[in-house]
J.: 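The structure's right below; bear with me while I get my questions together.
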Number of protein chains: 2
Amino acid sequence: MHDVLRHDKAYGRCVPKLWKDTVEEHRRDVRAAILDAAWRLAHERGIRGVTMGLVAQHAGISRATLYKYFSGVEEILVASHAEHVQEHLATLREAHSSAGTPREGLERLIDHYAEICFHRGRAGAPDTSALVHAGEQHQRNTTELERLFIDAVLAAQAAGEVRADIAAKLLATYILHAAEGAGSVGSRGEAAGLATLAKECLGSASGSTGPTTRH
Amino acid sequence: MHDVLRHDKAYGRCVPKLWKDTVEEHRRDVRAAILDAAWRLAHERGIRGVTMGLVAQHAGISRATLYKYFSGVEEILVASHAEHVQEHLATLREAHSSAGTPREGLERLIDHYAEICFHRGRAGAPDTSALVHAGEQHQRNTTELERLFIDAVLAAQAAGEVRADIAAKLLATYILHAAEGAGSVGSRGEAAGLATLAKECLGSASGSTGPTTRH
DNA sequence: CGTTTACTAGACACTCTGTCTCTAGCACTA
DNA sequence: TAGTGCTAGAGACAGAGTGTCTAGTAAACG
């Protein structure tokens with residue numbers, strides 16, 4: 001956890017416990033430690049049970065220092081949530097772009113997202129999305145996720161590999177939420193089943209039965 | 001708001017502001033006022049912004065009294081959420097049972113639920129489901145909702161009006177979440193579109209093929 | 001080598017939380 | 001109609017959390 005521990009004098013230990021070569025790097029690390037601590041605490045004690053003191057303690061810094069990074073618990077939780085979403089987004093983007101056809105990319109997106117939701121559900125991850133007042137930041141992340149799906153649907157529609165009788169935005173929203181169902185399911189198999197159902201709804205090209213055999 | 005206002009003596013006003021004929025009735029009213037106040041506050045200030053003091057103040061009672069009804073903010077929010085869910089459940093049950101065929105009942109269920117989610121989304125209703133630690137109570141409500149959908153699916157499957165190649169539980173979960181997408185959509189028309197998509201996935205009778213293109 | 005940055009501990013003035021005590025009025029019984 | 005128990009209610013208090021500030025130290029930066 002901590003790289004170097006310099007001395008404890010009477011008044012304050014002035015180089016923090018965890019310290020990397022550069023200031024910037026160090027700040028990144030501390031920030032990460034804070035977000036991680038907050039996430040864990042939210043998981044253990046519920047969103048309302050997270051306090052600045054606890055976060056500071058778990059992150060290995062003083063409360064005063066914590067206020068130099070974030071102005072309150074709310075902000076920390078939102079940042080923490082955003083971080084996780086970003087991680088997932090990266091995975092998803094990769095899954096999508098590594099596919100052959102647009103349709104295949106979209107299907108992979110669905111599979112991966114269902115998987116993510118399944119794990120999130122199992123882990124009982126704190127539902128930080130309910131920080132109603134975090135509004136903005138969260139909204140942006142949500143939109144980013146939606147954007148990803150919408151673009152994937154659009155591409156697949158353009159390629160004639162997905163039904164075009166439904167607006168891409170609507171179809172994307174539909175799929176996204178359907179896949180989210182994987183979060184409240186008991187087994188990985190069921191999660192996969194949901195993903196399959198969602199994929200089924202993409203229909204075949206433009207009415208004709210199958211543009212193909214990608215099995 | 002208050003029905004009768006009796007006198008303010010030196011020590012405490014011992015008959016509360018709002019008072020109905022019987023104690024029982026009174027307690028019901030106070031409880032409702034508390035839940036309502038908490039809901040409103042959660043809406044305005046976010047889940048973490050709700051305090052016992054504020055709830056008491058908005059409900060027109062003292063903080064100490066509030067503790068005689070609920071042991072903490074968490075509990076109030078959970079109860080409040082449960083109340084809302086129960087309301088919706090009642091509506092949904094009615095919608096379901098007033099239909100002719102099982103399939104029709106299921107479809108109505110989907111339509112109504114999408115509608116509910118749409119309104120909830122528009123109103124920016126507090127996402128109390130994230131009270132991670134509220135666990136039990138909320139879980140039970142969720143299950144009740146799921147139960148409703150599962151039973152509806154089962155009935156429709158038994159009548160041969162809905163595809164039977166997917167386990168009822170899974171199909172119900174799928175539909176439920178898909179309909180929930182209506183919560184993050186902009187217009188009522190889109191919400192209806194989502195419902196339609198969800199219904200489409202029910203397939204035809206003993207559906208072995210996909211939702212679309214069943215000519 | 002001087003300046004900037006990062007941090008700590010302690011303190012203060014709040015607010016929120018649980019809990020406890022005491023009062024006054026409803027709701028039964030006689 | 002009077003007496004008595006039950007309990008809703010207010011106020012007070014100690015303990016915890018919050019947000020801010022100051023004084024002080026030491027490493028990193030340029």
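All values derive from a computational prediction rather than experimental measurement. Below, chain A is the first sequence line, B the second, and so on; all start at residue 1.
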J.: Is the distance from OP1 or OP2 of D/dA16 to the nearest side-chain N or O of A/Thr51 less than 4.0 Å?
T.: no
J.: Can you measure A/Phe70 atom CZ to D/dT20 atom P for me and round it to whole angstrom units?
T.: 16 Å
J.: Which of these nucleotides, D/dA10, C/dT19, D/dG19, is closest to any side-chain atom of A/Tyr67?
T.: D/dG19
J.: From the list C/dT17, D/dA10, C/dT8, which nucleotide is the closest neighbour of the side chain of B/Met52?
T.: C/dT17
J.: Distance check: side-chain N/O of A/His26 vs OP1/OP2 of C/dC7, anything under 4.0 Å?
T.: yes
J.: Counting only distance, no hydrogens or angles, is the base of C/dG18 paired donor-acceptor with the side chain of B/Arg63 under 3.5 Å?
T.: yes
J.: Are any of A/Tyr69's side-chain N or O atoms less than 4.0 Å away from OP1 or OP2 of C/dA6?
T.: no
J.: Take the angle between the ring planes of B/Trp39 and B/His84 and call it parallel below 30°, perpendicular above 60°, tilted in between.
T.: parallel
J.: Provide, to the nearest angstrom, the distance between the CD1 atom belonging to B/Ile76 and the P atom belonging to C/dC16.
T.: 14 Å
J.: Starting at CD of B/Glu75 and ending at P of C/dG18, how long is that distance when rounded to a whole Å?
T.: 11 Å
J.: Please find the pair of heavy atoms, one from A/Gly100 and one from A/Glu104, that lie closest to each other, and give the distance.
T.: N-OE2, 3.6 Å
J.: Kindly indicate, with the supporting measurements, whether the criterion side-chain contact (heavy atoms from CB on, under 4.5 Å) is fulfilled by B/Arg45 and B/Leu54.
T.: CA-CA 11 Å; B/Arg45 318 175 41 124; B/Leu54 275 169; 3.4 Å; yes
J.: Rounded to the Å, how far apart are B/Lys68 NZ and C/dT21 P?
T.: 12 Å
J.: Could you check how far CD of A/Glu74 sits from P of D/dG19, rounded to whole Å?
T.: 10 Å
J.: OP1 or OP2 of C/dC7 sitting under 4.0 Å from any side-chain N/O of A/Thr65?
T.: no
J.: Taking the six-membered ring of A/Tyr69 as reference, does the NZ or CZ atom of A/Arg27 fall below 6.0 Å from its centre and within a 45° cone about the axis?
T.: yes
J.: Within this structure, what is the CG-to-P distance between A/Asp29 and C/dC7, rounded to whole angstrom?
T.: 11 Å
J.: Separation of A/Leu54 atom CG from D/dG19 atom P, in whole Å?
T.: 14 Å
J.: Within this structure, what is the CG-to-P distance between B/Leu66 and C/dT17, rounded to whole angstrom?
T.: 10 Å
J.: Would A/Ile175 and A/Ile110 count as a side-chain contact (heavy atoms from CB on, under 4.5 Å) here? Give the steps.
T.: CA-CA 7 Å; A/Ile175 290 169; A/Ile110 293 171; 3.5 Å; yes
J.: Choose from D/dG11, D/dG9, D/dT18 the nucleotide whose nearest atom is closest to any side-chain atom of B/Ala64.
T.: D/dG11
